[in-house]
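Have a look at the structure below before the remarks.
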Amino acid sequence: MRTTRTLRTALLTAAIAGLAATALPTAPAAAAPAAPKFLSAGQWPASLTPWTAGPVHKGLPEEGSACTAGTIPAKGTRHRDFRTELDTGARQTITVAPTAAKAKALAAELRTALATCLDRLKEQEPGLEGVSRYHGRVNVEEGAHVYSIDTSYPEVGSTDIGLHSVGRDGRTVTVLEWGQLGDLDGAPLKGFRKTTGTAVAKLH
């Protein structure tokens, strides 16, 4: 008798536990974090002809930047190219690092790569001349930094100006590159600083 009663009690307890478990609401699965947002074509500095935005691609571009090649990891990276009809082009690259600490380290490496870019280019291309400048910090999120690289080949009379910036928001790092024929006097430095601030603020 005691054995039967004990068995019934155990079965009843198990049934009640099962009903209780069934009645508990199922917690919704955590939503994946939204992917960082890219600039639109209209958010680049104004040009003589309108900007056109290309599609967003995963990974690194086939034709990497001469300044940051080998620094940005392919994993967690996407990029988007922009162009106008008058020899002006731009690119935005976004990398989501595993942690904020790794993102901070990546941003520091990219700053070094931009600051030393002209010296490395001169070593690779004899006859190249130029001036590299740091144009200060943009106060947005964890900060952004702007650089220019003004290059020329006196023998052929060509000049090119590139504006570059790197910024970070948490564990997300973005790099902006803008370039055209000409020199720094003809480059929209003020507008590029504004675009840099917009790009970092827009990430998340």
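Heavy atoms of other residues, nucleotides or ligands lying less than 6.0 angstrom from NZ of Lys75 number 12 at most. In the displayed structure, Arg83 atom CZ is contacted under 6.0 Å by at most 12 heavy atoms of other residues, nucleotides or ligands. Other residues, nucleotides and ligands contribute at most 12 non-hydrogen atoms within 6.0 Å of the CG atom of Leu48.
Here the straight-line distance linking atom NE2 of His164 with atom CD of Glu177 works out to 6.5 Å at 0.5 Å rounding. Interatomic distance, OG1 of Thr93 versus CG of Leu60, reported as 7.5 Å (0.5 Å rounding). The structure places CG of Leu114 at 6.5 Å from CD1 of Ile149, a figure rounded to the nearest 0.5 Å. For the atom pair OG1 (Thr159) and CG (Asp183), the distance works out to 5.5 Å, reported to the nearest 0.5 Å. Distance OG/Ser148 to CG/Leu163: 6.5 Å, rounded to 0.5 Å. Between atom CG of residue Leu110 and atom SG of residue Cys117 there is a gap of 11.5 Å, rounded to the nearest 0.5 Å.
In this structure a side-chain-to-backbone donor-acceptor pair under 3.5 Å is present from Arg80 to Gly54. Under the 3.5 Å distance criterion, the side-chain polar atoms of Arg168 are matched with a main-chain donor or acceptor of Gly170. The backbone N or O of Ala144 lies less than 3.5 Å from no partner atom in the side chain of Arg111, so there is not a single donor-acceptor pair. Under a 3.5 Å cut-off, the side chain of Thr99 and the backbone N or O of Lys102 do form a donor-acceptor pair. In this structure, Asp150 contributes its side chain and Ile161 its backbone to no donor-acceptor pair below 3.5 Å. Within the 3.5 Å criterion, the main-chain N or O of Val56 finds no donor-acceptor partner in the side chain of His79.
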Could you tabulate the donor-acceptor pairs under 3.5 Å formed by side-chain atoms of residues 35-46, not counting sequence neighbours?
{"from": "Ser40", "atom 1": "OG", "to": "Gln43", "atom 2": "OE1", "distance (Å)": "3.3"}
{"from": "Gln43", "atom 1": "OE1", "to": "Ser40", "atom 2": "N", "distance (Å)": "2.9"}
{"from": "Gln43", "atom 1": "OE1", "to": "Lys202", "atom 2": "NZ", "distance (Å)": "2.9"}

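Using modelled atom types and a 3.5 Å distance limit, the side chains of Thr174 and Gln92 yield a donor-acceptor pair. Side-chain atoms of Tyr147 and His135 form no donor-acceptor pair, as typed in the model, at a separation below 3.5 Å. If you check the side chains of Thr88 and Gln180, you find a donor sitting under 3.5 Å from an acceptor. Inspection of the Thr77 and Thr95 side chains reveals an N or O donor paired with an N or O acceptor under 3.5 Å.
Residues Ile94 and Thr172 come closest through the heavy atom pair CG2-CG2, 3.6 Å. The nearest pair of heavy atoms linking Cys67 to Ala113 is O-CB, 3.5 Å. The minimum heavy-atom distance between Ile72 and Leu106, with the atom names listed, is CA-CD1, 4.4 Å. The nearest pair of heavy atoms linking Ser152 to Leu128 is O-CD1, 3.6 Å. Contact between Ser132 and Ala115 at its shortest, heavy atoms only, is OG-O, 4.3 Å. In this structure, Ala199 and Leu176 approach most closely via the heavy-atom pair CB-CD1, 3.9 Å.
Tyr134 and Leu189 end up in different hydrophobic clusters when Ile, Leu, Val, Met, Phe, Trp and Tyr side chains are linked at under 4.5 Å. Under the 4.5 Å side-chain heavy-atom criterion for ILVMFWY residues, no single connected hydrophobic cluster contains both Val173 and Leu203. Transitive grouping of hydrophobic side chains (ILVMFWY, heavy atoms separated by less than 4.5 Å) keeps Val166 and Val146 in distinct clusters.
Looking at heavy atoms from C-beta onward, Arg171 lies out of side-chain contact with Pro98 at the 4.5 angstrom threshold.
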